[in-house]
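First comes the structure, then the notes that go with it.
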Amino acid sequence: MTTFKYILRDTWRLIVHHWVLGLLTLITAGVMLWILGVTTLLSLNLENLLSRLESELVVQAYLVKDNTLDVEAVAQKIQSLEYVYAMKIYSPADSLAKLQEKMGSQSRALDMLGENPIPFNFEIHVHKAEDVEHLVDELNAMPEVDDVVYAGLVVKRISALSRISSRVALIMFILSVIITALVVYNTIHISLYSRREEIGIMYLVGATRAYIATPFVLEGTLLSLLGACIAAAGIIGVYFPGMAMIQANLPFLRNSIITDRAVIFRFCALLTGFGATLGWVCSYIIVARFINSITKPE
Amino acid sequence: MNITFSEVTKTFEPDITALFDISLNIEQGEFVYVIGQTGSGKSTLLRLITRELLPSAGTVAVGGFDLRRMRRADVPYYRRDVGLVAQDFKLISSLTVYENIAFVMEAMSVPKRIVAERTRDVINQVGLWRRRFMRPAQLSGGEQQRVAIARALANSPSLFIADEPTGNLDFHTAAEVMKILFAINAAGVTVVMSTHNQSIVNSSRQRVIELDNGKLIRDEKGGLYQA
């Protein structure tokens, strides 16, 4: 406990001694973690939107008109395909009723057709938009399937958007982590370098390496933690009003946006923990290396 | 703590031999002067004892323990038992006299109350109580040297290493510093001190170890500066 008090006091001394540098680190870490947080949240929202669109993507498979065809067997065959998430079977009668309902007052036109021309068909939902093309290929290869109908261009665009969104989020994540890590690393390095003589003296008169190192590691961790807290506060301050504005202006996106406050607060807590951990890891690495080099006997 | 050098050679890159084949033994409670010209290897010998340096050949044992075999994690604990006074004082410029001395004990997790008592005692011992809130830069060379001595005394060491502690001091201040060192030795602490000061060596007639170009050329009890 006594040691801990001394270490805390030394940490405070370090921060006060380099307060300008500390402030710059805190701001940079805060901004970078804010960018990281906002990018991640935007990406999550986009993913949400895309997965909603994906869930609404339907492939309609029409079977050949053949009374001897075992529809149940074909259904099982399709159901066993790896891309199929859910499937619904429509009989010719069901399909006609559905069409009539859709056409409303114009449904009388269907009576002119005489015999129901619609064969048994399946409404198939996939896991991901990118699965659609594969599923269509497999369905087209089946002799029992007469025709396959799907929104080809929409599928391609959603798949591409989903891939780009994931990549952008990943790049932003890596960039933010690297920049934050470098800033913390450099701050602690400058802090160590400016006190290298002091560190040497401390070691010479019997201070353990852990006693010397801990205030520097705490300084880095604390600066990153405070930076992450600022980032979290900034995200909360921007996210909810921003999302409220989007909801008001683009009502069709209402169900695709993450608005649960608990989820956002948990995300911010995670970001804060991540920031502190990042600061701790960077500080630990540089402090260990520096003190190792300075305390190594010749 | 007794100190034993067995056939110790220390070379520095690229090819400088600072000490060559040194063998000596210093018993617990001895007062030893290490003399020799600049570059003769005095500081290297002392730095081998504090384990700032490791021998290139041979062994340095303190208290019967080979310093080369000492684990890195154990070095601070060893150094707490070795009081060190360097010619350049090695004081932390950002700390006051009081803090410079107290932090040695703080690093050992000594409770604040005991740190305060002990710090007061050693500052009084070197006569600097009124200067306790000053920083090293505000003190004279002699005062800084006394702070370094007080810091070295803080942990009540069994071994006291002083590298030219009177090198930068006038005659009067040097005599005061020596008085403190003799008092430390009188309490049973082994003192190993390097010096150029002939009058100090000649007036006290202690054991003298003389080095020349890294070689031990004289080891004489009750010796003078000149053989």
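Every chain is numbered from 1 and lettered A, B, ... according to where its sequence line falls, protein lines coming before strand lines. Values below: all heavy atoms of this structure, side chains included; hydrogens, waters and symmetry mates excluded.
- For CD of Gln247(A), the number of neighbouring non-hydrogen atoms (other residues, nucleotides, ligands) closer than 6.0 Å is greater than 12.
- Looking at Val110(B), the atoms closer than 4.5 Å to chain A (heavy atoms on both sides) all sit in the backbone: N, CA, C or O.
- With a threshold of 4.5 angstrom between heavy atoms, Phe12(B) approaches chain A through side-chain atoms but not through N, CA, C or O.
- The minimum heavy-atom distance between Leu95(B) and Arg13(A), with the atom names listed, is CD2-NH1, 3.5 Å.
- For residues 45-55 of chain B, heavy-atom neighbours of chain A at less than 4.5 Å comprise Arg47(B), Arg51(B), Glu52(B), Leu53(B), Leu54(B), sorted by residue number.
- Note that CZ of Arg79(B) is 5.5 Å distant from OH of Tyr203(A), once rounded to the nearest 0.5 Å.
- Shown here is Gln138(B), whose CD atom has more than 12 heavy atoms of other residues, nucleotides or ligands within 6.0 Å.
- When heavy atoms are compared at a cutoff of 4.5 Å, Arg151(B) approaches chain A solely by way of its side chain, counted from C-beta outward.
- Within 6.0 Å of CZ on Phe20(B) lie no more than 12 heavy atoms contributed by other residues, nucleotides or ligands.
- Across Gly200(A), Ala210(A), Gly206(A), the residue that shares the most heavy-atom pairs under 4.5 angstrom with chain B is Gly206(A).
- Looking at Ser56(B), neither its backbone nor its side chain comes within 4.5 Å of chain A, counting heavy atoms on both sides.
- Of the listed residues (Arg80(B), Glu106(B), Lys10(B)), the one with the most heavy-atom contacts under 4.5 Å to chain A is Glu106(B).
- Atom OH of Tyr185(A) has more than 12 heavy atoms from other residues, nucleotides or ligands within 6.0 Å.
- Both the backbone and the side chain of Lys112(B) come within contact range of chain A, judged by heavy atoms closer than 4.5 Å.
- Contacts between Ile212(A) and chain B at a heavy-atom distance below 4.5 Å are absent for every atom of the residue.
- Around atom CZ of Arg167(A), no more than 12 heavy atoms belonging to other residues, nucleotides or ligands sit under 6.0 Å away.
- Within 6.0 Å of CH2 in Trp129(B) there are more than 12 heavy atoms belonging to other residues, nucleotides or ligands.
- Note: Ala107(B) leads Ala107(B), Gly83(B), Ala86(B) in heavy-atom pairs under 4.5 Å with chain A.
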Val205(A) and Lys90(B): CA distance, side-chain angles, deciding distance, side chain to side chain contact (heavy atoms under 4.5 Å, CB included) verdict: CA-CA 10 Å; Val205(A) 297; Lys90(B) 292 204 186 298; over 6 Å; no
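- At least one side-chain heavy atom of Asn292(A) sits less than 4.5 Å from a side-chain heavy atom of Arg72(B).
- Shown here is Tyr85(A), whose OH atom has no more than 12 heavy atoms of other residues, nucleotides or ligands within 6.0 Å.
- Partner Ile201(A) forms a side chain to side chain contact (heavy atoms under 4.5 Å, CB included) with one of Ile92(B), Leu84(B), Leu91(B) and no other, that one being Ile92(B).
- Atom CD of Glu117(B) has more than 12 heavy atoms from other residues, nucleotides or ligands within 6.0 Å.
- Note that OG1 of Thr208(A) and CE of Met108(B) are 11.0 Å apart. Values are rounded to the nearest 0.5 Å.
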